[in-house]
Amino acid sequence: MNPPKIESKILEQQRSYLLEQARIRIGDSATPEEVSQLADEIFYRYQSSIGRPLFQARQVVQGEFPFIEDYYDNNKEMEKDLGILFTELNTIATYLVDYFNYSQSEKDRILTIVRGVNGAVSDLQMLTEETTPNTVYLKESFTNYDMTDTSLTELENRCMIHTQEGVLTLNRRNAINRSLESRVRSVQGNGIAGTYHLARKVQADSEYENYEMVSTQIPNDKQESLIDGNPDTVFEFEMVNIPESYKQKALYYDVEWAKGSQHNDLLRVKLVVQLPKEETINWINLNPYHSPGSPGTVNVYSIRTSLDGIEYKGLFEDDNFVLNQTVNGTPQSYRAEDLFDGSEDFAKTKFTGQGVWSFPSRKAKYIEFVLEQPNSNSELLGQEAFYRRKRDSQTWTRIRKQEVPSHIVNEKYGVHTVDSDYEIKKVIEAVEGWRYAIGIRDIHIMSFEFAEASEYISKPFEVEDGIKTLQLYANEKVPASYKEVVSESNDWIQYYVSFDDIEWHRISPQHHQPVNDSFPPKYISINDNEANIQSAFSLYKKNITAKDTPKQVRLKIVMKRPEKTTEGEFPLLHTTPLVEEFALKILTRQKGV
């Protein structure tokens, strides 16, 4: 995909206008050659001053009456110039939208590559820590569909792969974005909303316009941007400051806005989103925005929900609501020893680093977010400054904004006359300072409904030397409400392997422990010897007899949820187990054996 190209139509429209005016001046009886000759003369005159408007000022001669024809021609050319400019602005606006969409697509493409690289890195970590000869790992992290075989499952019964989060869930039957009809109830913190006081150096013809304020173009201060579902809009919350030495030098500098130490300080904001009424929710996505030069992270201190706006509870444990999770916006890598640790803590799923939280369904009307930014970055900060002098003096004196006449406060930058004695200069003064910023593109508060059962089947993993033994590792999350009956706790996510695409053998991940008498094996061997077979029962082994040594294996995952629950009025159609990664550890046959 190539970036969009912008094509200016100014010259084309100006020539078209000149041709039409030439035809009118000559009349209908003129030949095309006569029209073309006159148009070329006019266009030659335009080309001699390329880049300027069509408008050619026809001035009134002093002492004479103006010609009405000149008046009409002036207005006509100005009207055409304005029309061309508006058309060009529309072209630029379309270009900007296309370029934004292109950049977002490129961002998603790059993030997909990053997720793939992260998966490859964790694969290599596992291999480097493996000391057993002839051992290979076949791993899947669900960041793409490359290893998924959709031909063996029906669409309505197929598990859903969430590539952005890198997880496998039950088939999602319905998705409702509850935040789109919501409102932002409050924004509170130790900073201010927007991009105010940020300045940028610009090229200008006047010495009074060397800087511009970012907030005049992108204020990013609208609370509704948090939940409007539009990726073009952004909400920022900031705390800015300038060096103390500059404050002391700049007499009358208005610095009420200058807060926060450059290091070891903290910007914190509490956002409360109010739904129209009590709704069942089970998934929250917070899409961060990191401005250029910013640290690229934001810390989610806590997320809580409430029915009445007074009593709040945490997403995962009512009283333990502190998450303290860093949102990076990019996939996170894991150490191999942490990847398959058997943890079923939903608060620590691998996609929380991307601002996504899946939690037990609950009724809520208010959702509270507490976000923190402990890191600052250097920024050019500015504000409007006013100076006054006598008209016969060369010395300017800094004055407060309150001393400036209101009509000058709203004037453009430059020198303005107050009266016959004084004049005032309005400029932007800028200095290198620092900024703590929290930016958010969107908050999605979702209500997902899931199928009762779904399947996932992988493509065959090829093993050239043949498979001797096989073990399974999995990183999974099963809702606590599923485990009221302990003997069924291993059955909500079931794993099967097949070496011939015909017979499937159930296998347990290494972190599973027996909870009933029908515990599937953790270790599968192919054509093992008698001594090893005799010890298989005590070690949760299973031996498979095959005519030929298999050189491929598939994995099937069967996921289920309960039909009902004792948690109250919530049907468990709003819940799902998760599989984040799995890995098959295979001991291959030695060559010649």
Side-chain angles (χ1 to χ4, degrees), residues 112-149 159 161 163 166-168 331-343 349-350 456-477 493-501 504-512 520-528 532 539-544 546 549-557 578-591 593:
T112 299
I113 295 173
V114 171
R115 283 191 283 268
V117 171
N118 274 341
V121 168
S122 62
D123 294 350
L124 292 173
Q125 284 179 318
M126 296 174 69
L127 288 173
T128 55
E129 296 181 4
E130 181 58 57
T131 58
T132 306
N134 302 326
T135 299
V136 297
Y137 283 91
L138 305 173
K139 180 171 166 288
E140 171 59 27
S141 298
F142 302 112
T143 56
N144 53 53
Y145 305 98
D146 293 350
M147 289 308 300
T148 303
D149 193 335
C159 287
I161 298 177
T163 57
V167 292
L168 186 75
Q332 304 301 296
S333 60
Y334 293 83
R335 296 182 303 168
E337 62 267 26
D338 294 335
L339 183 56
F340 300 111
D341 59 2
S343 170
T349 49
K350 73 175 184 179
Y456 162 87
I457 298 179
S458 74
K459 290 181 179 178
F461 294 96
E462 305 290 341
V463 184
E464 183 179 354
D465 294 334
I467 301 171
K468 183 178 180 180
T469 65
L470 181 144
Q471 293 170 269
L472 172 67
Y473 294 84
N475 189 14
E476 62 182 22
K477 302 286 188 290
I493 305 178
Q494 300 177 6
Y495 304 87
Y496 299 84
V497 292
S498 177
F499 305 97
D500 56 8
D501 290 348
W504 291 90
H505 310 275
R506 189 170 172 187
I507 184 172
S508 293
Q510 293 300 298
H511 72 277
H512 277 195
K522 289 185 177 184
Y523 184 98
I524 292 179
S525 60
I526 311 295
N527 297 331
D528 212 341
N532 286 336
L539 298 175
Y540 309 116
K541 286 186 176 181
K542 177 180 181 179
N543 184 65
I544 296 173
T549 300
K551 293 189 176 183
Q552 72 169 39
V553 61
R554 290 183 190 264
L555 181 77
K556 177 167 70 173
I557 300 176
L578 305 174
V579 178
E580 298 179 301
E581 281 105 357
F582 70 79
L584 296 172
K585 181 180 178 181
I586 295 175
L587 181 64
T588 64
R589 295 280 182 187
Q590 296 182 11
K591 292 185 178 181
V593 178

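The first residue of the sequence shown is numbered 1, and numbering continues consecutively from there.
Listed by chain and number, the residues in a side-chain hydrogen bond (donor to acceptor under 3.5 Å, both in side chains) with Gln552 amount to none (sequence neighbours excluded). Remark: Asp500 engages Ser498 in a side-chain hydrogen bond (donor to acceptor under 3.5 Å, both in side chains) (not counting sequence neighbours). Take Lys556 and apply the side-chain contact (heavy atoms from CB on, under 4.5 Å) test, not counting sequence neighbours, and it matches Glu455, Ile457, Tyr496, Trp504, Val558. Legend: residues meeting side-chain hydrogen bond (donor to acceptor under 3.5 Å, both in side chains) with Tyr456, ordered by chain and number and at least two apart, are absent. Remark: Pro509 pairs with Leu472, Ala474, Tyr495, His511, His512 by the side-chain contact (heavy atoms from CB on, under 4.5 Å) rule, at least two apart or across chains.
Panel note: side chain Lys522, backbone Gln510; a donor-acceptor pair is recorded below 3.5 Å. Checking side-chain atoms of Lys585 against main-chain N and O of Thr135 turns up no donor-acceptor pair under 3.5 Å. At distances below 3.5 Å, not a single donor-acceptor pair connects side-chain atoms of Thr143 with backbone N or O atoms of Gly166.
The CE atom of Met147 lies 8.0 Å from the CG atom of Leu138; values are rounded to the nearest 0.5 Å. Note that CD1 of Ile507 and CD of Gln471 are 7.5 Å apart. Values are rounded to the nearest 0.5 Å.
Nearest heavy atoms, Ser458 versus Asp149: O-CB, 3.8 Å. Across all their heavy atoms, Lys542 and Pro521 have their closest contact at CB-CG, 3.6 Å. Contact detail for Cys159 and Ile557: the closest heavy-atom pair is SG-O, 4.4 Å. Across all non-hydrogen atoms, the minimal contact from Gly466 to Thr549 is CA-CG2, 3.7 Å.
Across Val167, Leu578, Val579, a single residue satisfies side-chain contact (heavy atoms from CB on, under 4.5 Å) together with Phe142, and that is Val579. Considering Ile526, Val463, Thr469 in turn, Ile526 is the only one that fulfils the side-chain contact (heavy atoms from CB on, under 4.5 Å) rule with Arg589.
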Worksheet item: Given the rule in the side chain to side chain contact (heavy atoms under 4.5 Å, CB included) test, do Leu584 and Val553 qualify, once you have shown the distances and angles that lead to the verdict?
Response: CA-CA 9 Å; Leu584 296 172; Val553 61; 4.0 Å; yes
Practice prompt. Quick one: do Ile524 and Ile467 satisfy side chain to side chain contact (heavy atoms under 4.5 Å, CB included)? Show the steps, please.
Written response: CA-CA 10 Å; Ile524 292 179; Ile467 301 171; over 6 Å; no
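Looking at heavy atoms from C-beta onward, Lys477 lies in side-chain contact with Asn475 at the 4.5 angstrom threshold.
Asn144 and Thr163 share no donor-acceptor pair across their side chains, judged by distance under 3.5 Å alone.
Ring geometry for Phe461 versus Phe582: interplanar angle over 60°, hence perpendicular rather than tilted (30 to 60°).
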